[in-house]
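Order of the sequence lines sets the chain letters (A, B, ...), proteins ahead of strands, with each chain counted from 1.
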Amino acid sequence: MIEIQCDTYDLKETLYSGQAFRWIELSQCLEQNITVHQSVISGHRVNLWESVGTIYASCPTLDNRQLKELSYSYLRLDDDMSRIYQTFDSDQYISTAISKYKGLHILRQDPWECLVTFICSANNNIPRIRQLVDKLCENCGEMKIDSKGKYYCFPSPAQIAEFGESNLRKLGLGFRAKYVYGSSVRLLTEDIDLFQFRNDSYQQSLDMLIGFPGVGDKVANCVLLFSMDKLDAFPVDVWIKRVLRESYLSGSKEKVTDSRLREWAQSKFGIYAGYANQYLFHRRRLD
DNA sequence: ATCGAACCTCCAAT
DNA sequence: AATTGGAGGTTCG
């Protein structure tokens, strides 16, 4: 087990804010009123929990140094929240969201898993996305066994490609099956390394992602923000459209395309537009 | 370039 | 109890 001091982190809000879909709450530790969250990161089963300014992590298959490194990266503990919050000082709506959900973070996920899960998110709701991702892992991901029992890794492009489109349909992916399959094949045949795009520009990475089947501006921006270190990415979904119309465009009914709206928001909110997005989304969805 | 409609599936609300 | 509407969107005409 490791512990990390961090006074500005809201683990629960972050893990269940709709950016990652494989976290579950373990029912235990009732005597201390602490909830343990579990998921699979980089092929390892990881437990996370928090208590008064400290985040704890445990993992049966990593040593403490590795676990600390993985946690830091995944949870984006390197983000300077006071600096990020500072850029939204003059924004009333976001400032309120920050005070209510202080410590809500963006995650740094695996780009491939992020890409597939957000392809699955198209025209879908969160419980169903979680269900699809679970089935995907259980049916074509590698099964591993650690000291706590068995668990499933997120499937590689090769594993999904081999599983096949028709089997993906049988899992319930529907029209998304073609896209998930097509993206897997594309990644394989073109031998693309998605991690490499963490070092490329926003625009370059966006263009690359848009090239994948089932990936439009919204999904691409989710992948850029939640896995490729593009904190200026700004996914425009129905909730964001609502909040922008209601609280920033004063109910203007002028027709604007989603990508235009995205560009407008990016120039308004700046280099941390993605964090603005997360707080806008979170407050509008939960308030 | 831009605009609707269609798309799989599931489930909650008629 | 059967039917309809809609869900973090993308593609196709």
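Distance CG (A:Leu261) to P (C:dG9): 13 Å, rounded to an integer number of Å. With rounding to whole Å, A:Phe21 atom CZ is found 10 Å from C:dG8 atom P. Look at CZ on A:Phe175: it is 7 Å from C1' on C:dT10, rounded to the nearest Å. For the pair A:Trp239 CH2 and C:dA7 C1', the computed distance is 10 Å after rounding to whole Å. Between A:Leu209 atom CG and C:dG9 atom C1' there is a gap of 15 Å when expressed in whole angstrom units. In this structure, A:Asn125 places its CG atom 8 Å from C1' of B:dC11, rounding to the nearest Å. Protein atom CG of A:Asn221 is 13 Å distant from nucleotide atom C1' of C:dG9, rounded to whole Å. Taking atom CZ of residue A:Phe281 and atom C1' of nucleotide C:dG8, one finds them 6 Å apart after rounding to whole Å.
Counting atom types as modelled, A:Asn124 pairs no side-chain N or O with a base atom of B:dC8 as donor and acceptor under 3.5 Å. The base of B:dC8 is paired with the side chain of A:Arg176 by a donor and an acceptor separated by under 3.5 Å.
Using a 4.0 Å heavy-atom distance criterion, A:Tyr179 is classed as a sugar-phosphate-only contact. Here A:Ile119 lies out of heavy-atom contact (under 4.0 Å) with every strand. Using a 4.0 Å heavy-atom criterion, one finds that A:Asp258 contacts no nucleic acid atom at all. Residue-level contact check: A:Gly214 touches the backbone only, with heavy atoms under 4.0 Å from sugar-phosphate atoms and none from bases. Among the protein residues, A:Ser17 comes within range of the nucleic acid bases, having at least one heavy atom under 4.0 Å from a base atom.
When the P atom is used for both C:dT4 and B:dA6, the distance is 15 Å, rounded to whole Å. For the C1' atoms, the distance from B:dC11 to C:dT10 is 23 Å, rounded to whole Å. Spacing between B:dC10 and C:dT11 at atom P, rounded to whole Å, works out to 23 Å. Remark: the separation of the P atoms in B:dA5 and C:dG5 is 14 Å, to the nearest Å. With both ends at atom P, the span from C:dG13 to B:dC8 equals 13 Å, rounded to whole Å.
With respect to the salt-bridge test (charged N to carboxylate O, under 4.0 angstrom), the residues A:Asp237 and A:Arg285 do not qualify.
By the rule that hydrophobic residues join a cluster once side-chain heavy atoms approach within less than 4.5 Å of another member, A:Tyr72 and A:Leu48 end up as members of one cluster.
The backbone N or O of A:Phe163 lies less than 3.5 Å from a partner atom in the side chain of A:Asn167, making a donor-acceptor pair. Side-chain N or O atoms of A:His105 include none that pairs as donor or acceptor with a backbone N or O of A:Asp79 at under 3.5 Å.
By the 4.5 Å heavy-atom criterion applied to side chains, A:Pro235 and A:Ile240 are not counted as neighbours.
When each of C:dA7, C:dT10, B:dC3 is scored by its nearest atom to the side-chain atoms of A:Thr257, the top-ranked nucleotide is B:dC3. Proximity note for A:Arg242 (side chain, C-beta onward) versus C:dG8, C:dA7, C:dT10: the nearest is C:dA7.
Contact annotation: A:Lys255 reaches the phosphate of B:dG4 (side-chain N/O to OP1 or OP2, under 4.0 Å). A close approach under 4.0 Å does occur between a side-chain nitrogen or oxygen of A:Arg169 and OP1 or OP2 of B:dC8.
For the pair A:Asn277 and A:Val215, both in contact range of DNA chain C, the more 5′-proximal nearest nucleotide belongs to A:Asn277.
Applying the Watson-Crick and G-U wobble criteria (two distances, each under 3.5 Å), C:dT4 pairs with B:dA12.
Exactly one residue among A:His282, A:Arg283, A:Lys12, A:Met81 makes a side-chain contact (heavy atoms from CB on, under 4.5 Å) with A:Leu104. That residue is A:His282.
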